[in-house]
Amino acid sequence: MFLLYEYDIFWAFLIISSVIPILAFLISGILAPISKGPEKLSSYESGIEPMGDAWLQFRIRYYMFALVFVVFDVETVFLYPWAMSFDVLGVSVFIEALIFVLILIVGLVYAWRKGALEWS
């Protein structure tokens with residue numbers, strides 16, 4: 001039988017973890033001074049007077065490198081638990097992990113052939 005009172009700690013944690021950020025934003029909105037002027041609206045460049053336009057276009061290559069890095073970084077996060085419990089889980093999980101890695105290798109080869117990993 002499914003008993004809801006077993007999840008009281010979960011609900012308390014969920015409510016507290018939701019209320020704390022909301023209170024932080026409300027308190028900072030109330031206590032923060034409101035001053036709008038040309039100095040406040042200018043872009044911040046480490047204390048140096050800004051030169052030129054603050055809106056610059058970045059090359060898409062930076063985003064592609066970051067995306068490939070994140071994909072393979074997350075892959076290691078998923079593969080680590082499989083590797084730690086390999087002897088308990090058996091061959092079927094090894095096959096699933098192998099399929100997972102093969103799919104990622106296919107994606108890497110695709111990105112490589114499309115030239116997404118070329119820096120020049």
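These figures come from a predicted structure and were not determined experimentally.
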Flag yes if [X] and [Y] sit in one hydrophobic cluster, no otherwise; membership is Ile, Leu, Val, Met, Phe, Trp, Tyr, and two members link when side-chain heavy atoms are under 4.5 Å apart.
| X | Y | result |
| --- | --- | --- |
| Val71 | Val106 | no |
| Val70 | Val109 | yes |
| Leu79 | Val93 | yes |
| Phe13 | Ile15 | no |
| Phe69 | Val101 | yes |

Does [atom1] belonging to [X] count more than 12 external heavy atoms closer than 6.0 Å?
| X | atom1 | answer |
| --- | --- | --- |
| Phe65 | CZ | yes |
| Trp112 | CH2 | no |
| Ile9 | CD1 | no |

(request) Please tell me if the side chains of Leu67 and Tyr63 come closer than 4.5 Å, counting only heavy atoms from C-beta onward. (result)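 In short, these two side chains do not touch, never coming nearer than 4.5 Å.
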Could you tell me the separation between the [atom1] atom of [X] and the [atom2] atom of [Y], rounded to the nearest 0.5 Å?
| X | Y | atom1 | atom2 | value |
| --- | --- | --- | --- | --- |
| Phe100 | Ile105 | CZ | CD1 | 11.0 Å |
| Ile16 | Trp11 | CD1 | CH2 | 14.0 Å |
| Leu26 | Ser28 | CG | OG | 8.0 Å |

(message) Testing the basics here: between Phe72 and Leu104, what is the closest heavy-atom pair and its distance to 0.1 Å?
(response)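 Answer, listing the atom of Phe72 first, then Leu104: CZ-O, 3.8 Å.
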(request) Compare every heavy atom of Thr76 with every heavy atom of Asp73, then report the nearest pair and how far apart it is. (result)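 Looking at all heavy atoms of both residues, the closest pair is O-OG1, 2.6 Å.
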